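One structure is given below, encoded as structure tokens.
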Amino acid sequence: MDFKRLGGFCAAALAALAVSAQIELVAPANGASVRQMHTVQREFAKAPWAQCEKCFDGAENSRKLRSRGSTPVPVKLQWKGDAKEYQVTVRRLPDGKVVFDQTVATNCVAVDSLEIATEWEWTVSAGSDKLVSRFKTEDRLPRLVRMTGSNNCRDIGGRRGLGGRRIRQGLVYRTAGLNSNAPVEYYSTDEILELEKAGKLKEMGHTGRALHRKLKNGEKISSHAKKNRLVKRKCFAPGKRRFTDEEVARILKVYGIRSDIDLRSDDECYGMTGSPLGPTVTWFHISYRAYSGAFTEEGLAINKKVFDVFMDDANYPIVFHCIGGADRTGTVAMLLEALLGVPEEEIWRDYLTTGFVGVVSDPPHKKSFGDAVKKLKEYPGETLADKAEAFFLKLGFTKDDVQRLRERLLER
């Protein structure tokens with residue numbers, strides 16, 4: 001008999017029963033596995049791939065899945081007692097890292113965005129009375145995280161990569177924009193027609209040329225000015241804040257973000273000089289090209305800048321984003337996950353998770369993402385991870401760089 005293991009089990013059991021008349025455990029039960037996803041989120045997460053890829057097809061399915069958005073379900077810790085205040089602490093096991101520590105005047109607290117497939121110890125104390133219990137978070141991907149003010153936030157960690165090793169949690173987050181885009185105004189339909197009449201429309205960038213071709217072919221343009229997407233002039237101010245000061249402090253404390261990779265254009269980031277998360281976070285503004293654009297000569301140079309950030313250990317934990325966290329963010333996530341050995345179906349599942357808040361599951365988006373995956377598959381190698389390594393070598397990284405990045409992000 002393994003007496004050491006038996007002794008450890010008995011000690012944990014006795015600790016869980018260390019309850020005074022003032023404090024009594026309610027939920028979760030000691031040793032219970034707890035969920036952090038709403039039912040519709042879990043249905044998507046556990047669906048076989050053949051069903052998963054069609055989960056958002058059709059307006060009715062899309063509405064159902066978007067009803068809960070991308071935020072996680074909090075874990076509710078409940079107890080009975082008659083004290084006026086309680087000190088509640090939640091620690092990650094086995095390292096004992098404290099993720100929640102507050103004095104409350106209630107008999108319940110909610111803790112969210114916990115790492116998946118992890119054991120946790122929580123204590124409630126009032127004076128000399130103390131309750132100690134444990135629970136485990138469900139092994140269900142993805143790890144959704146809350147950043148109140150933004151959405152589409154999740155950890156890329158937890159997925160299985162090379163050799164069945166998990167990507168480390170708490171190091172790389174993907175989100176929607178951390179602040180809104182700089183406000184812009186758009187030419188009206190009448191103004192666009194005047195520009196065409198004056199012969200100026202075709203000189204006004206990609207959108208202007210597209211509208212010029214439409215008019216030349218006798219097509220009508222939308223009377224809805226914003227659908228034309230031709231900028232008239234910029235309001236000279238950066239985008240609005242999405243986080244309160246209190247939420248910024250919570251994000252920094254809970255997630256420890258050190259670097260913010262902002263993939264938006266210069267126009268979208270007009271007037272910005274740093275990260276919306278404040279001066280302690282390094283802001284890397286790298287205007288990105290999504291999907292197949294990532295594989296052009298310009299796209300390769302941009303990818304080198306992006307992944308230079310990931311190569312430096314001092315930059316972690318990292319958050320990367322565009323405005324919706326779908327197209328540009330999805331392309332970067334695909335390249336990184338492929339390099340780490342995540343299976344293709346799981347890379348697709350991560351991409352489609354944005355469907356909880358966006359439209360990446362519609363045919364044009366799915367085709368664009370599929371085209372990007374096909375571009376990656378054109379690189380030499382037997383597996384997708386091999387092909388991703390060849391892509392990174394073409395960016396100018398060495399095999400040692402690739403190996404260091406894999407060792408940095410994959411659990412041992």
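Everything numeric in this text was worked out from a predicted model, so none of it was measured.
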Side chains of [X] and [Y]: does their closest heavy-atom pair fall under 4.5 Å?
X	Y	result
I167	R406	no
R146	E247	yes
V373	E344	yes
D266	Y270	no
N151	T71	no
L376	L335	yes
T175	M147	yes
W120	V75	no

*Would you check, one step at a time, whether the test side chain to side chain donor-acceptor pair (under 3.5 Å) holds for N152 with T354?*
CA-CA 6 Å; N152 201 19; T354 294; 3.1 Å; yes
Just checking, any donor-acceptor pair under 3.5 angstrom between side chains of [X] and [Y]?
X	Y	value
D371	S292	no
T398	D401	yes
E138	S33	no
S265	E268	yes

Return the minimal non-hydrogen interatomic distance between [X] and [Y], and the atom names on each side.
X	Y	value
P238	P183	O-CD, 4.1 Å
V248	L277	CG1-O, 3.5 Å
S70	V357	OG-CG1, 3.6 Å
M204	L230	O-CD1, 3.9 Å
R134	N30	N-OD1, 2.9 Å
D101	V98	CB-CG1, 3.9 Å

*Please lay out, stage by stage, how Q87 and T103 fare under the test side chain to side chain donor-acceptor pair (under 3.5 Å).*
CA-CA 4 Å; Q87 184 67 34; T103 301; 2.4 Å; yes
Lys/Arg N to Asp/Glu carboxylate O, [X] vs [Y], below 4.0 Å:
X	Y	result
D312	R258	no
D350	R174	yes
E411	R168	no
E346	R349	yes
E389	K399	yes
D245	R241	yes

*Between F284 and F320, is the gap from one ring center to the other below 6.0 Å?*
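No; F320 has its ring centre 6.0 Å or more from that of F284.
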*asked:* Using the ring centroid of each side chain, check whether Y255 and Y173 are separated by less than 6.0 Å.
replied: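 They qualify: ring centres under 6.0 Å apart.
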_Please evaluate residues I156 and L336 with respect to the criterion side-chain contact (heavy atoms from CB on, under 4.5 Å), reporting the C-alpha separation (whole Å), side-chain torsions for both, the decisive distance (0.1 Å), and the verdict._
CA-CA 9 Å; I156 74 159; L336 182 59; 3.6 Å; yes
Give, for atom [atom1] of [X] and atom [atom2] of [Y], the distance between the pair rounded to the nearest 0.5 Å.
X	Y	atom1	atom2	value
Y316	I257	OH	CD1	12.0 Å
L263	H321	CG	NE2	7.0 Å
L193	I221	CG	CD1	5.0 Å
D155	S113	CG	OG	10.0 Å
L201	E203	CG	CD	9.5 Å
I192	T207	CD1	OG1	9.5 Å

*Sequence neighbours excluded, which residues qualify as salt bridge (charged side-chain N to carboxylate O under 4.0 Å, His left out) partners of K97?*
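Listed in chain order: nothing, the list is empty.
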Got more than 12 heavy atoms from elsewhere within 6.0 Å of [atom1], [X]?
X	atom1	answer
K304	NZ	yes
R35	CZ	no
E382	CD	no

*Kindly assign one of parallel, tilted or perpendicular to the pair F369 and Y291, based on the angle between their ring planes and the thresholds 30° and 60°.*
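Perpendicular.
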*Anything under 30° is parallel, anything over 60° is perpendicular, the rest tilted; go ahead and classify W283 against H285.*
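It falls in the parallel class, under 30°.
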*Carefully, step by step, assess L171 and I318 under the rule side-chain contact (heavy atoms from CB on, under 4.5 Å).*
CA-CA 6 Å; L171 290 182; I318 295 169; over 6 Å; no
*Step-by-step side-chain contact (heavy atoms from CB on, under 4.5 Å) determination, R165 to R160*: CA-CA 5 Å; R165 298 160 66 186; R160 298 284 183 180; over 6 Å; no
*With a cut-off of under 6.0 Å to the ring centre and 45° to the axis, is R264 in cation-pi contact with Y288?*
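No, a cation-pi geometry is absent between R264 and Y288.
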*Could you go step by step and tell me if F356 and F44 meet the ring-ring contact (aromatic ring centres under 6.0 Å, His included) rule?*
CA-CA 10 Å; F356 285 115; F44 167 82; 5.4 Å; yes
